[in-house]
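Every number for a ligand or one of its atoms is a count from 1 in the order of the listing.
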Amino acid sequence: MKYYILFGPPGAGKGTQAKFIVEKFNLMHISTGDLLRKEMKEGTPLGLKAKELIENGNLVPDEVVVGMIKSTFANNKNVEGFLLDGFPRTTAQAEMLDKMLQEQNEGVDKVISLAIKDSTIFERIAKRAEIEGRKDDADPATIQNRIDTYHQKTEPLIDFYKKQNKYFEIPGEQTIEEVFDCICKTISK
Ligand code: AMP
C-alpha cells in the first residue's frame, strides 16, 4: 500500500493537483477538509462541533481528524494507496499517523510539498472564494489566521519529514501543468 502526503499552506493548489494525481497513480484521495465540510453540510454532531472552528480558520482537534483518517483506511482495504491532502497538519497528527501505519507494517512513502508565498495564498484564496463560496475563504482575518496557523502548527512538519528523508518540495507558483509534471517526476523517482 502506498501512502503519499500532499503538503502545503491553504491555497497552494493541493485540491487541484490531488485530482490529477489520484487519477494518474490510481490512489484514493483523502482530504480531511472535504470530509469535514461534508459533515458540516449533513449537520452531523461532528460537523456541528467543527463548524465554528473551521469558519474562524482554526484547526479542529487532532483526535477528530485522526479518527476520520483511521476509519477511511479501515473502510478501504482494497485500494492501491492513498493520497492524504490537508493531513497531517500538526506534529501530533503526524506522530499518530506514523504509529497507525507502523502497526500495519506500513509507512509514509513521500511528502510532496507545494511551496508558495503568503501573498500568493491571499490572491488564490480570494479567487477561490468567488468560485466555491467557502465561508473560511471570504474574510481576510480568517485567511490570515489560517496562514498564521499554518506557520505555527503545520510548518514544523517540514523538519519532521526531512529527518525521515521523505520531504520533497515543489515550487507551487508555476502553471498547474508544470506543478503536476514536477509532482509526477517526484512520485516516480
Ligand atoms: P482545507 O480544506 O484543507 O483547507 O481545510 C479546511 C479547514 O478544515 C481547515 O482550516 C481546518 O479548520 C479544518 N481541517 C482540515 N484538515 C485538518 C487537519 N488535518 N487538522 C485540523 N483541522 C483540519
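Comparing Val60, Val64, Asp137, Val65 by heavy-atom distance to atom 22 (N) of ligand 1, the nearest is Val60. With Pro10, Gly11, Gly86 as candidates, the residue nearest to atom 19 (N) of ligand 1 on a non-hydrogen basis is Gly86.
In Lys153, neither the side chain nor the backbone holds a heavy atom less than 4.0 Å from any atom of ligand 1.
Among all non-hydrogen protein atoms, the one lying nearest atom 16 (N) of ligand 1 is Thr32 OG1, 2.8 Å. Of the protein's non-hydrogen atoms, Arg89 NH1, 3.4 Å is the one closest to atom 15 (C) of ligand 1. The shortest contact between atom 7 (C) of ligand 1 and any protein heavy atom is with Ile54 CG2, 4.0 Å. At the shortest separation from atom 14 (N) of ligand 1 among protein heavy atoms lies Leu36 CD1, 3.5 Å. Nearest protein heavy-atom neighbour of atom 12 (O) of ligand 1: Asn58 O, 2.6 Å. Of all protein heavy atoms, the one closest to atom 20 (N) of ligand 1 is Gln93 NE2, 2.9 Å.
Checking only distances, Arg128 never comes within under 3.5 Å of ligand 1, N or O to N or O.
Because its NZ or CZ atom is not both nearer than 6.0 Å to the ring centre of Tyr161 and within 45° of the ring axis, Lys166 does not count as a cation-pi partner of that residue.
Between the side chain of Thr32 and the backbone N or O of Gly86, at least one donor-acceptor pair lies under 3.5 Å. No donor-acceptor distance shorter than 3.5 angstrom exists from the side chain of Gln93 to the backbone of Phe87, with no hydrogens or angles considered.
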Report the C-alpha distance between Lys127 and Glu123 in whole Å, list the side-chain angles of each, state the deciding distance to 0.1 Å, and finish with yes or no for salt bridge (charged side-chain N to carboxylate O under 4.0 Å, His left out).
CA-CA 6 Å; Lys127 209 182 275 174; Glu123 282 168 27; over 6 Å; no

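For the pair Met100/Val66, a side-chain contact is recorded, criterion being any heavy-atom separation below 4.5 Å from C-beta on.
Aromatic ring orientation, Phe180 versus Phe20: tilted (interplanar angle from 30° to 60°).
Outside the 6.0 Å centre-distance limit, the rings of Phe82 and Tyr4 are not counted as a close aromatic pair.
Residue Lys14 places every heavy atom at 4.0 Å or more from ligand 1.
Side chain to side chain, Asn145 and Asn56 fail the donor-acceptor criterion of an N or O pair below 3.5 Å.
Atoms of ligand 1 found under 4.0 Å from any heavy atom of Arg134 (numbered from 1 in listed order, with element): 1 (P), 2 (O), 4 (O), 6 (C).
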